[in-house]
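Remarks on the structure that follows.
Since we're looking at a predicted model, the values are computed, not measured.
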Amino acid sequence: MINKLSRLLQAANISLSDQQKQQLVGYVELLHKWNKAYNLTSVRDPQQMLVRHILDSIVVEPHLQGERFIDVGTGPGLPGIPLAIVRPQAHFTLLDSLGKRVRFLRQVQHELGLTNVTPVQSRVEEFPAEPPFDGVISRAFASLEDMLNWCHHLPGATGHFYALKGVRPDDEIAALPAGFAIEKIAPLRVPELEGERHLVVIRLQ
(Lines give C-alpha, C1' and ligand atoms only; values in the text may rest on other atoms or scores of the structure.)
Protein backbone atom coordinates (compact mmCIF):
# COMPACT_ATOMS: atom_id res chain seq x y z
CA MET A 1 0.00 0.00 0.00
CA ILE A 2 2.82 2.41 0.86
CA ASN A 3 4.54 1.61 -2.45
CA LYS A 4 1.35 2.18 -4.42
CA LEU A 5 0.68 5.43 -2.55
CA SER A 6 4.27 6.60 -3.15
CA ARG A 7 3.91 5.95 -6.90
CA LEU A 8 0.62 7.86 -7.04
CA LEU A 9 2.08 10.80 -5.11
CA GLN A 10 5.09 10.91 -7.40
CA ALA A 11 2.82 10.90 -10.47
CA ALA A 12 0.82 13.77 -8.94
CA ASN A 13 4.01 15.65 -8.02
CA ILE A 14 3.09 15.67 -4.31
CA SER A 15 5.80 15.34 -1.66
CA LEU A 16 4.85 13.97 1.78
CA SER A 17 6.75 12.70 4.82
CA ASP A 18 6.89 9.00 5.71
CA GLN A 19 4.64 9.70 8.70
CA GLN A 20 2.02 11.34 6.46
CA LYS A 21 2.11 8.37 4.09
CA GLN A 22 1.68 5.97 7.02
CA GLN A 23 -1.30 8.00 8.28
CA LEU A 24 -2.96 7.99 4.85
CA VAL A 25 -2.51 4.22 4.52
CA GLY A 26 -3.71 3.80 8.13
CA TYR A 27 -6.84 5.74 7.23
CA VAL A 28 -7.51 3.52 4.20
CA GLU A 29 -7.06 0.41 6.39
CA LEU A 30 -9.57 1.74 8.93
CA LEU A 31 -12.00 2.69 6.16
CA HIS A 32 -11.72 -0.79 4.67
CA LYS A 33 -12.19 -2.46 8.07
CA TRP A 34 -15.19 -0.38 9.19
CA ASN A 35 -16.77 -0.40 5.74
CA LYS A 36 -17.85 -4.03 6.15
CA ALA A 37 -20.18 -3.13 9.04
CA TYR A 38 -20.89 0.57 8.45
CA ASN A 39 -21.11 0.74 4.65
CA LEU A 40 -19.14 4.02 4.54
CA THR A 41 -18.14 3.93 0.88
CA SER A 42 -19.06 2.01 -2.27
CA VAL A 43 -15.34 1.54 -3.01
CA ARG A 44 -14.41 -1.86 -1.61
CA ASP A 45 -10.81 -2.30 -2.77
CA PRO A 46 -8.18 -0.52 -0.61
CA GLN A 47 -5.93 -0.02 -3.67
CA GLN A 48 -8.80 1.80 -5.39
CA MET A 49 -9.42 3.83 -2.22
CA LEU A 50 -5.89 5.22 -2.58
CA VAL A 51 -6.82 6.60 -6.02
CA ARG A 52 -10.48 7.48 -5.65
CA HIS A 53 -10.45 8.75 -2.06
CA ILE A 54 -6.91 9.73 -1.02
CA LEU A 55 -5.44 11.23 -4.20
CA ASP A 56 -8.81 12.60 -5.29
CA SER A 57 -8.91 14.54 -1.98
CA ILE A 58 -5.35 15.78 -1.58
CA VAL A 59 -4.91 17.21 -5.12
CA VAL A 60 -7.13 20.05 -3.85
CA GLU A 61 -4.71 21.09 -1.09
CA PRO A 62 -2.59 23.63 -3.08
CA HIS A 63 -5.76 25.60 -3.87
CA LEU A 64 -6.87 26.06 -0.25
CA GLN A 65 -6.40 29.46 1.41
CA GLY A 66 -6.47 29.87 5.18
CA GLU A 67 -6.12 27.81 8.34
CA ARG A 68 -9.69 26.91 9.43
CA PHE A 69 -11.83 24.71 7.20
CA ILE A 70 -15.12 22.88 7.47
CA ASP A 71 -15.83 19.78 5.39
CA VAL A 72 -19.63 19.66 5.02
CA GLY A 73 -21.28 16.30 4.39
CA THR A 74 -17.89 14.73 5.08
CA GLY A 75 -19.26 11.15 5.09
CA PRO A 76 -16.35 8.93 6.19
CA GLY A 77 -14.03 11.96 6.25
CA LEU A 78 -13.58 12.85 2.59
CA PRO A 79 -11.82 15.03 1.70
CA GLY A 80 -11.29 16.32 5.28
CA ILE A 81 -9.18 13.51 6.78
CA PRO A 82 -6.67 13.25 3.89
CA LEU A 83 -6.42 17.05 3.75
CA ALA A 84 -5.85 17.26 7.51
CA ILE A 85 -3.00 14.75 7.18
CA VAL A 86 -1.27 16.62 4.35
CA ARG A 87 -1.93 20.09 5.86
CA PRO A 88 -1.18 19.59 9.58
CA GLN A 89 -0.91 23.34 10.29
CA ALA A 90 -4.60 23.82 9.37
CA HIS A 91 -7.69 22.72 11.32
CA PHE A 92 -10.61 20.82 9.81
CA THR A 93 -14.12 20.53 11.26
CA LEU A 94 -15.72 17.36 9.83
CA LEU A 95 -19.48 17.77 9.71
CA ASP A 96 -21.97 14.98 9.08
CA SER A 97 -25.54 14.33 10.16
CA LEU A 98 -25.13 10.54 10.57
CA GLY A 99 -23.96 9.27 13.95
CA LYS A 100 -22.24 6.14 12.62
CA ARG A 101 -20.02 8.23 10.36
CA VAL A 102 -19.07 10.57 13.18
CA ARG A 103 -18.25 7.58 15.41
CA PHE A 104 -15.96 6.29 12.67
CA LEU A 105 -14.30 9.72 12.37
CA ARG A 106 -13.63 9.82 16.12
CA GLN A 107 -12.02 6.39 15.88
CA VAL A 108 -9.82 7.58 12.99
CA GLN A 109 -8.89 10.70 14.96
CA HIS A 110 -7.91 8.55 17.95
CA GLU A 111 -6.01 5.81 16.09
CA LEU A 112 -4.08 8.15 13.78
CA GLY A 113 -3.40 10.76 16.47
CA LEU A 114 -4.92 13.60 14.46
CA THR A 115 -5.04 16.71 16.66
CA ASN A 116 -6.24 19.03 13.88
CA VAL A 117 -9.68 17.56 13.20
CA THR A 118 -13.00 17.97 15.05
CA PRO A 119 -15.77 15.53 14.06
CA VAL A 120 -19.25 17.01 14.60
CA GLN A 121 -22.68 15.46 14.18
CA SER A 122 -25.05 18.14 12.94
CA ARG A 123 -27.11 19.24 10.00
CA VAL A 124 -25.14 21.90 8.17
CA GLU A 125 -27.84 24.56 8.26
CA GLU A 126 -28.06 24.22 12.06
CA PHE A 127 -24.33 24.41 12.72
CA PRO A 128 -23.10 27.79 14.06
CA ALA A 129 -19.84 29.09 12.60
CA GLU A 130 -18.21 30.70 15.62
CA PRO A 131 -15.72 31.97 14.62
CA PRO A 132 -16.37 31.87 10.84
CA PHE A 133 -14.30 29.56 8.64
CA ASP A 134 -11.67 30.42 6.02
CA GLY A 135 -12.98 27.69 3.74
CA VAL A 136 -16.09 25.55 3.28
CA ILE A 137 -15.30 22.31 1.44
CA SER A 138 -17.70 19.82 -0.11
CA ARG A 139 -17.18 16.71 -2.20
CA ALA A 140 -20.12 15.04 -3.92
CA PHE A 141 -22.37 16.82 -1.42
CA ALA A 142 -24.92 18.87 -3.35
CA SER A 143 -25.40 21.24 -6.25
CA LEU A 144 -23.54 24.54 -6.01
CA GLU A 145 -26.85 26.32 -5.40
CA ASP A 146 -27.80 24.01 -2.52
CA MET A 147 -24.30 24.18 -1.07
CA LEU A 148 -24.35 27.99 -1.01
CA ASN A 149 -27.92 28.18 0.35
CA TRP A 150 -27.17 25.72 3.17
CA CYS A 151 -23.64 26.89 3.98
CA HIS A 152 -23.77 30.64 3.36
CA HIS A 153 -23.39 31.37 7.10
CA LEU A 154 -20.16 29.38 7.53
CA PRO A 155 -17.33 31.40 5.91
CA GLY A 156 -15.96 34.76 7.03
CA ALA A 157 -16.05 37.83 4.79
CA THR A 158 -12.87 36.74 2.98
CA GLY A 159 -13.67 33.02 3.11
CA HIS A 160 -14.17 30.71 0.13
CA PHE A 161 -16.33 27.77 -0.87
CA TYR A 162 -14.49 24.83 -2.42
CA ALA A 163 -16.69 22.40 -4.35
CA LEU A 164 -15.07 19.21 -5.66
CA LYS A 165 -16.83 18.20 -8.84
CA GLY A 166 -16.49 15.71 -11.69
CA VAL A 167 -17.16 17.24 -15.08
CA ARG A 168 -17.24 21.04 -15.16
CA PRO A 169 -20.72 21.92 -13.78
CA ASP A 170 -21.60 24.71 -16.23
CA ASP A 171 -25.36 24.44 -15.57
CA GLU A 172 -24.80 24.84 -11.82
CA ILE A 173 -22.39 27.73 -12.38
CA ALA A 174 -25.01 29.50 -14.51
CA ALA A 175 -27.55 29.10 -11.67
CA LEU A 176 -25.29 30.58 -8.98
CA PRO A 177 -27.36 32.52 -6.41
CA ALA A 178 -26.98 36.30 -6.06
CA GLY A 179 -24.22 37.48 -3.75
CA PHE A 180 -21.68 34.87 -4.85
CA ALA A 181 -19.00 34.91 -7.55
CA ILE A 182 -16.79 32.26 -9.15
CA GLU A 183 -13.16 32.89 -8.23
CA LYS A 184 -11.73 30.06 -10.31
CA ILE A 185 -12.47 26.68 -11.85
CA ALA A 186 -9.41 24.48 -11.64
CA PRO A 187 -9.10 21.19 -13.56
CA LEU A 188 -7.62 18.54 -11.25
CA ARG A 189 -5.36 15.72 -12.36
CA VAL A 190 -5.66 12.53 -10.36
CA PRO A 191 -3.30 9.70 -11.42
CA GLU A 192 -5.07 6.47 -12.48
CA LEU A 193 -8.52 8.05 -12.16
CA GLU A 194 -10.80 7.94 -15.16
CA GLY A 195 -13.10 10.86 -15.84
CA GLU A 196 -12.76 14.58 -15.25
CA ARG A 197 -12.28 16.34 -11.93
CA HIS A 198 -12.72 20.05 -11.26
CA LEU A 199 -12.49 22.30 -8.24
CA VAL A 200 -14.91 25.23 -8.22
CA VAL A 201 -13.81 28.06 -5.91
CA ILE A 202 -16.53 30.57 -4.96
CA ARG A 203 -16.32 33.75 -2.93
CA LEU A 204 -18.82 36.15 -1.39
CA GLN A 205 -19.45 39.28 -3.46
* Could you state the interatomic distance from CD (Gln19) to NZ (Lys21), rounded to the nearest 0.5 Å? -> 12.5 Å

* When hydrophobic residues are tied together by side-chain contacts of less than 4.5 Å, even through go-betweens, does Val102 share a cluster with Phe92? -> no

* **Stepwise side chain to side chain contact (heavy atoms under 4.5 Å, CB included) check, Phe127 with Val72** => CA-CA 10 Å; Phe127 184 70; Val72 293; over 6 Å; no

* Considering all heavy atoms of both residues, which atom of Pro132 and which atom of Pro155 are nearest to each other, and what is their separation? -> CB-C, 3.8 Å

* **Main-chain N/O of Pro131 paired to Arg68 side chain as donor or acceptor, under 3.5 Å** => yes

* Asked: Closest approach of Pro177 and Leu148, non-hydrogen atoms and distance?
  -> CD-CD1, 3.6 Å

* Structure fact -> Value for CZ (Arg52) from OG (Ser42), rounded to nearest 0.5 Å, stands at 6.0 Å

* Evaluate side chain to side chain contact (heavy atoms under 4.5 Å, CB included) for Leu114 paired with Gln23, printing each intermediate quantity in order. => CA-CA 9 Å; Leu114 296 177; Gln23 285 178 314; 3.7 Å; yes

* Before giving the answer on salt bridge (charged side-chain N to carboxylate O under 4.0 Å, His left out), spell out for Arg139 and Asp71 the whole-Å C-alpha distance, their side-chain angles and the decisive distance to 0.1 Å. => CA-CA 8 Å; Arg139 177 181 187 259; Asp71 177 10; over 6 Å; no

* Do Asp56 and Pro79 come within less than 4.5 Å of each other through their side chains, counting heavy atoms only? -> no

* **Check: Ser17 main-chain N/O paired with Gln20 side-chain donor or acceptor under 3.5 Å** => yes

* To do: Give a yes or no on whether the backbone of Val43 and the side-chain of Thr41 come within a donor-acceptor separation of less than 3.5 Å.
  => yes

* Closest heavy-atom contact between Ala157 and Leu204? -> O-CD1, 4.1 Å

* Does a side chain donor of either Glu67 or His91 reach within less than 3.5 Å of an acceptor in the other side chain? -> no

* To do: With side chain to side chain contact (heavy atoms under 4.5 Å, CB included) as the test, would you mind laying out the steps for Ile202 and Leu176 before giving the verdict?
  => CA-CA 10 Å; Ile202 299 167; Leu176 215 62; 4.0 Å; yes

* Establish whether Leu188 and Leu16 are linked, either directly or via other cluster members, by ILVMFWY side-chain heavy-atom contacts under 4.5 Å. => yes

* **Nearest heavy atoms of Pro191 and Leu55, plus distance in Å** => CD-CD1, 4.2 Å

* Salt-bridge present (Lys165, Glu172; N to O < 4.0 Å) -> yes

* Asked: Is the count of non-hydrogen atoms from other residues, nucleotides or ligands lying under 6.0 Å from Lys4 atom NZ greater than 12?
  -> yes

* Leu154 side chain near Val124 side chain, heavy-atom distance below 4.5 Å -> yes

* Exceeds 12 heavy-atom contacts within 6.0 angstrom, atom CD of Gln10 -> no

* Would you name the heavy atoms of Asp96 and Gly75 that are closest together and state the gap between them? => OD2-N, 2.8 Å

* Please check if the side chain of Asn149 supplies one atom and the backbone of Glu145 the other of a donor-acceptor pair under 3.5 Å. => yes

* Asked: Do the side chain of Asp134 and the main chain of Gly159 share a donor and acceptor less than 3.5 angstrom apart?
  -> no

* Structure fact -> So OG of Ser143 and CD1 of Ile173: to nearest 0.5 Å the spacing works out to 12.0 Å

* **Linked, directly or transitively: Trp150 and Val120 (ILVMFWY side chains, under 4.5 Å)** => yes

* To do: Examine distances only and state if a side-chain atom of Arg101 and a backbone atom of Thr74 form a donor-acceptor pair shorter than 3.5 Å.
  => no

* Asked: Within the distance-only criterion (no hydrogens, no angle test), does the side chain of Arg189 pair as donor or acceptor with the backbone N or O of Ala11 below 3.5 angstrom?
  -> yes

* Is there side-chain contact between Phe69 and Thr93, with at least one heavy-atom pair below 4.5 Å? -> no

* So how far is it from Leu78 CG to Ile137 CD1, rounded to the nearest 0.5 Å? -> 11.5 Å

* Over all atoms of both residues, closest heavy-atom pair of Phe161 and His152 -> CZ-CA, 4.0 Å

* Enter the distance from Gln121:CD to Leu95:CG here, rounded to the nearest 0.5 Å. => 9.5 Å

* Between the main-chain N or O of Pro187 and the side-chain N or O of His198, is there a donor-acceptor pair closer than 3.5 Å? -> no

* Close side-chain approach of Leu94 to Ile81, heavy-atom, < 4.5 Å -> yes

* Asked: Can you check whether His53 reaches Val28 side chain to side chain, under 4.5 Å on heavy atoms?
  -> no

* For the residue pair Phe104 and Tyr27, does the interplanar ring angle fall in the parallel (under 30°), tilted (30 to 60°) or perpendicular (over 60°) class? -> tilted

* Asked: Yes or no on side chain to side chain contact (heavy atoms under 4.5 Å, CB included) for Val59 and Arg197, after CA distance, side-chain angles and deciding distance?
  -> CA-CA 10 Å; Val59 291; Arg197 285 289 185 273; over 6 Å; no

* Asked: Between Phe133 and Leu199, is there a shared hydrophobic cluster once you connect ILVMFWY residues whose side-chain heavy atoms come closer than 4.5 Å?
  -> no

* Asked: Does the His32 side chain pair with the main chain of Arg44, one donor and one acceptor, at a distance under 3.5 Å?
  -> yes

* To do: Count the heavy atoms belonging to other residues, nucleotides or ligands that lie under 6.0 Å from CG of Asp170, then report whether that count exceeds 12.
  => yes

* Asked: Around Asn13, counting heavy atoms of other residues, nucleotides and ligands shown, do more than 12 lie under 6.0 Å from its CG?
  -> no

* Mind checking whether Trp34 and Tyr38 have parallel, tilted or perpendicular rings, split at 30° and 60°? -> perpendicular

* Structure fact -> The reported gap from CD in Glu183 to NE2 in His63 (rounded to nearest 0.5 angstrom) is 12.0 Å

* To do: Say whether, by atom type as modelled, one donor and one acceptor occur between the side chain of Arg87 and the main chain of Ile58 under 3.5 angstrom.
  => no

* ILVMFWY network linking Ile54 to Ile85, side-chain heavy atoms under 4.5 angstrom -> yes

